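What follows is one structure encoded as C-alpha cells, with my remarks underneath.
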Amino acid sequence: MERRCVLNSWSKEEVRAVIRYEWARGVSGTEIHNHLVEVYGPGVMSKQMVRRWCRTFSDGRQQVEDIPRAGRTCTATTDANVGKLFLELIWSRDLPLYFGFIMNDSTMETDTLIFEGSACQKRREN
C-alpha cells in the first residue's frame, strides 16, 4: 500500500533536514528527490538542488539553516524602526530627508514615500 500525501506548506530548513536525514541513511539524491515530491509536491526542490545538498552534507556541513553571507543585509520595516528613524532625523537636522505613508484603499497595502531633496522614492510595504 503506497501512501501519497502532499503537504501544502513547508520551510527550506524542513526540506533540508529531510535531505540530511535521508542522505545519512545512504539514500541516493534521486531517491531523496522522489520521496520529497511524493510528500511535498512537485514544486518542493529540483533534483539538481537535492544532489547539491547531498554533496554539501558529504563535505561536512551540519546545519540546515542559511549561512549569513556578505552583501545586502536583511532589513525589516516595523513601526518601532520607523519611529527610531524619525527621532534620529528630528534630532540630527542635517539630513534633508522626509518620509510619509500612504494607504491604498483598494488593496490595503502601504506605500512608504521617502523624499530626499527634490527626489522621491516609493517603496511597497506588505
Side-chain angles (χ1 to χ4, degrees):
M1 184 166 118
E2 192 171 325
R3 183 179 145 217
R4 300 228 180 239
C5 176
V6 177
L7 299 177
N8 293 327
S9 64
W10 40 266
S11 68
K12 294 184 297 188
E13 291 81 8
E14 176 183 352
V15 172
R16 292 172 188 168
V18 171
I19 294 169
R20 183 172 179 241
Y21 172 79
E22 293 286 334
W23 166 81
R25 292 184 58 231
V27 179
S28 73
T30 301
E31 289 179 76
I32 294 171
H33 180 260
N34 292 338
H35 295 162
L36 290 172
V37 170
E38 281 181 26
V39 175
Y40 296 104
V44 63
M45 185 183 285
S46 70
K47 191 181 297 185
Q48 293 82 4
M49 190 56 95
V50 171
R51 289 180 183 149
R52 182 181 294 173
W53 276 104
C54 290
R55 278 193 310 272
T56 302
F57 294 132
S58 294
D59 292 342
R61 180 166 172 173
Q62 296 291 317
Q63 72 267 27
V64 295
E65 296 83 14
D66 286 334
I67 297 173
R69 54 186 177 176
R72 187 173 180 188
T73 59
C74 295
T75 59
T77 303
T78 64
D79 291 338
N81 290 346
V82 171
K84 288 177 185 177
L85 175 63
F86 183 70
L87 290 175
E88 287 285 327
L89 293 173
I90 288 174
W91 291 111
S92 69
R93 294 185 188 175
D94 57 348
L95 294 176
L97 182 68
Y98 306 93
F99 59 93
F101 300 97
I102 297 176
M103 177 66 81
N104 185 333
D105 292 333
S106 61
T107 62
M108 297 305 290
E109 293 177 333
T110 304
D111 291 332
T112 303
L113 300 178
I114 302 174
F115 300 93
E116 191 167 3
S118 61
C120 176
Q121 179 183 8
K122 183 176 179 181
R123 189 174 71 200
R124 173 81 33 164
E125 297 295 327
N126 291 328

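Computed from a predicted model, the values in this text were never measured in an experiment.
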| field | Backbone N/O of Q63 and side chain of R61: donor-acceptor pair under 3.5 Å | value | yes
| message | Using side-chain heavy atoms (C-beta onward) and a distance below 4.5 Å, is E14 in contact with Y40? | response | yes
| request: Group every Ile, Leu, Val, Met, Phe, Trp and Tyr by side-chain heavy-atom contacts under 4.5 Å, then state whether L7 and V64 land in the same group. | output: yes
| field | Reported CD1-to-SG distance for the pair I32 and C54, which is rounded to 0.5 angstrom | value | 3.5 Å
| note | Rounded to the nearest 0.5 Å, the NE2 atom of H35 sits from the CD1 atom of I19 at a distance of 12.5 Å
| said: Less than 4.5 Å apart, side chain to side chain, heavy atoms only: is that true for V18 and E22? | reply: yes
| task | Could you grab the distance from atom CD of E65 to atom OG of S11, nearest 0.5 Å is fine? | result | 9.5 Å
| remark: When L36, T30, V37 are each screened for side-chain contact (heavy atoms from CB on, under 4.5 Å) with N34, the one that passes is T30
| message | So, taking the atom named OG1 in T56 and the one named CZ in R20, what distance separates them when rounded to the nearest 0.5 Å? | response | 12.5 Å
| message | With a sphere of 6.0 Å drawn around CZ of R52, does it hold more than 12 non-hydrogen atoms of other residues, nucleotides or ligands? | response | no
| query | Can you list the residues that meet the salt bridge (charged side-chain N to carboxylate O under 4.0 Å, His left out) rule with K12, with sequence neighbours excluded? | reply | D66
| said: Which residues pass the side chain to side chain donor-acceptor pair (under 3.5 Å) test with S28, not counting sequence neighbours? | reply: E31
| query | Partners of W23 by side chain to side chain donor-acceptor pair (under 3.5 Å), sequence neighbours excluded? | reply | S58
| task | Calculate, to the nearest 0.5 Å, the distance between atoms CE and CZ belonging to M45 and R51 respectively. | result | 13.5 Å
